[in-house]
Amino acid sequence: MARKMLIKALPASWNVEITQASNGREAVAAYHAGKADVMFLDLTMPEMDGYAVLETLQHEGLDSFVIVVSADIQPLARERVRALGAAAFIKKPVDAVQIERVLREYGIEL
Amino acid sequence: MLGEIGDFIVTEVSVGIFALDKTYNVLVWNRFMADHSGISAENAIGRNLFELFPELPQKWLSKKIDSVFVLRNFAFTSWEQRPYLFPFRHNRPITGGIDYMQQNATFMPVRDADGEVSAVAVTLFDVTDAAVYQSMLKQAMAKLEESSSRDGLTGVYNRRFTEARLIDEIGRVERYHHDPFSVVLLDLDHFKQVNDTYGHLGGDEVLRVVADRVRGVLRDTDVFGRYGGEEFLLMLPQTNREGAMVVAERIRFAIGSETVQFNDTEIRVTSSLGVAVYVPGSQNVEEVKQQADEALYASKRSGRNRVTFYEASQAA
Amino acid sequence: MTAELLLSEDQRDALQEVTNIAMGQAGARLAQILDTFVHLSVPRINITGSAQITQAIEHMVGSGASITAIRQSFGGTLHGEAMVVYDELGCRNLADLMGYEDDMGQAQERELLLDVGNVLVGACLNGVADLLNATLSFSAPTLIAENAGVDRLINTQQLTWNYALLVEVRFTLEIRDFTCHLLTLMPEESIIQLKNALDTFMDNL
């Protein structure tokens with residue numbers, strides 16, 4: 001459902017192929033498969049949480065633009081994911097306007 | 001329409017209703033509040049609650065009210081934690097046995113059109129009756145508990161209760177780093193002969209008198225229980241080896257120094273005692289009891305009518 | 001169990017996400033109160049028969065644990081009861097974490113447990129209600145277990161329902177031993193209300 005809500009909120013004009021992962025492990029696998037130029041990453045996940053995914057990616061030289069999408073609105077959560085290399089943090093429930101603004105801010109073509 | 005009826009109900013209902021803004025100024029003050037406080041709505045509205053009632057616990061109450069504005073959530077107070085907010089008289093001045101009206105309060109966020117909390121509405125319930133019943137119930141329960149924790153013959157604690165106190169005390173030592181406590185096991189010497197010679201009535205009288213004599217030398221904090229037929233267990237909180245040996249010696253002396261009067265005869269009684277200290281972290285209840293028991297056995301073995309402290313070497 | 005009580009895969013998924021969002025708000029409140037970082041769990045959702053309720057809760061909070069718990073009723077569009085279950089260390093460390101001195105009285109300690117519980121229940125359930133367009137009101141929290149077993153939470157001898165929905169979220173701290181579980185329980189008729197609300201929520205996505 002989190003994914004469905006997010007996909008609904010992505011800009012309609014954005015021409016991308018979407019790969020879904022239902023936990024951190026699948027996300028890392030998708031990243032390894034070269035499917036994640038931009039990654040929307042939740043923090044609270046089974047198997048492997050978002051922090052662990054960021055750590056793995058950072059360890060491997062982070063070749064992806066990661067936007068954390070989380071319900072965890074503690075300021076410290078935001079700081080931590082930034083420190084782990086996330087480009088942006090969007091709080092749930094996601095809002096289409098905010099996503100578009102973040103993507104444009106980073107010069108991603110929509 | 002609802003406005004008028006609503007106003008009527010708020011005014012007349014026999015529940016305290018008032019509302020405050022962010023600076024604790026009174027916005028609504030119903031009749032219940034006015035009647036009980038002696039401050040009319042005209043005199044209350046627009047004024048600061050804490051100026052009207054300087055005796056309110058301001059620091060605590062303002063925090064509670066602030067939390068409703070910030071969290072936009074209900075907040076509550078219960079008489080069980082805080083018997084009352086306002087020092088109101090209650091309607092059981094004769095039979096209540098309680099100083100002020102016991103109160104439960106609910107603090108509710110009042111949201112404006114933008115969803116912001118613009119005021120806090122408070123309902124104040126008189127729960128004096130419930131509090132009176134509850135305290136009666138508690139007294140009854142305490143009595144029941146008390147009677148089920150005592151030994152019928154001697155009036156000292158029974159085995160179950162004594163053991164529970166031992167476990168509690170271990171918890172206190174481990175958790176709050178209280179000083180160690182000592183355990184004393186006491187057994188009357190040749191008690192079987194007393195029973196055989198003077199019958200059970202004689203034996204019972206001896207147990208009663210012994211219990212009284214032991215009680216006479218104990219502190220309020222010491223726990224004294226009957227452990228078996230003629231066996232007693234004492235738990236002496238925050239008492240080391242030296243302290244425990246002094247107490248045990250006094251007990252031995254108190255029991256044996258005089259005879260016990262039974263009908264026309266005088267019964268001579270002596271006791272053997274074993275003492276052990278609970279060492280934090282290294283023992284459990286069973287272990288410390290076992291050690292006191294071994295020390296008691298050593299007292300018996302070496303001639304009775306004496307006190308022995310548990311030494312690890314005895315165990316070997 | 002009748003099929004009308006079962007959550008579809010989508011409904012379960014939506015409930016999990018709605019709970020996740022709401023618990024984020026509750027977790028942030030707790031972090032604010034305790035001034036430390038709070039870890040949030042993945043919400044667990046379970047429909048359980050009345051005979052298995054204690055077992056189901058034990059499965060979530062740990063069996064044989066000595067717990068302290070508060071409960072609160074909520075009503076409105078959805079109705080049920082919420083519990084905040086503190087484990088032994090959580091209960092002991094709470095006062096400490098909030099900077100209270102050792103010699104806090106028992107009444108104050110209880111008030112603290114009730115207040116923190118109320119904040120968690122309010123933040124989480126109001127969060128769910130906001131997302132589902134529901135309105136809720138709450139009863140005062142009461143202490144239902146103090147250093148007791150999980151079986152103390154619900155008297156299974158006198159239940160008037162057959163099935164209940166149980167949602168659990170867990171808050172843990174990384175600096176100190178502290179765990180508390182927020183359990184939300186709803187009886188049959190409320191499950192049906194919830195399912196409708198979830199469907200509407202998904203339709204509006």
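Lettering follows sequence order; numbering is per chain, from 1.
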Part of A:A9 lying under 4.5 Å from any heavy atom of chain C | neither
Polar contact flag, side-chain donor to acceptor under 3.5 angstrom, A:E60-A:H32 = yes
Note, C:L153 side chain near C:I67 side chain (heavy atom, < 4.5 Å) = yes
The interface call for C:T19 against chain A, heavy-atom contacts under 4.5 Å, is neither
Side chain, backbone, both or neither of A:K92 within contact of chain C (heavy atoms, under 4.5 Å) = both
For each of A:S70, A:P75, A:A77, tally heavy-atom pairs with chain C at distances under 4.5 Å, and name the one with the top tally.
-> A:A77
Side chains of A:F40 and A:L10: does their closest heavy-atom pair fall under 4.5 Å?
-> yes
Between C:L15 and chain A, which part of the residue has a heavy atom less than 4.5 Å away: side chain, backbone, both or neither?
-> neither
Would you call the rings of C:F37 and A:Y51 parallel, tilted or perpendicular, where under 30° means parallel and over 60° means perpendicular?
-> perpendicular
Contact part of C:Q32 toward chain A, heavy-atom cut-off under 4.5 Å: side chain, backbone, both or neither?
-> neither
So what's closer than 4.5 Å to chain A heavy atoms on C:M202: side chain, backbone, both or neither?
-> side chain
Do NZ/NE/NH1/NH2 and the carboxylate oxygens of C:R152 and C:E58 come within less than 4.0 Å?
-> no
Under 3.5 Å, is there a donor-acceptor pair between the C:D199 and C:Q11 side chains?
-> yes
C:V18 versus chain A, heavy atoms under 4.5 Å apart: side chain, backbone, both or neither?
-> neither
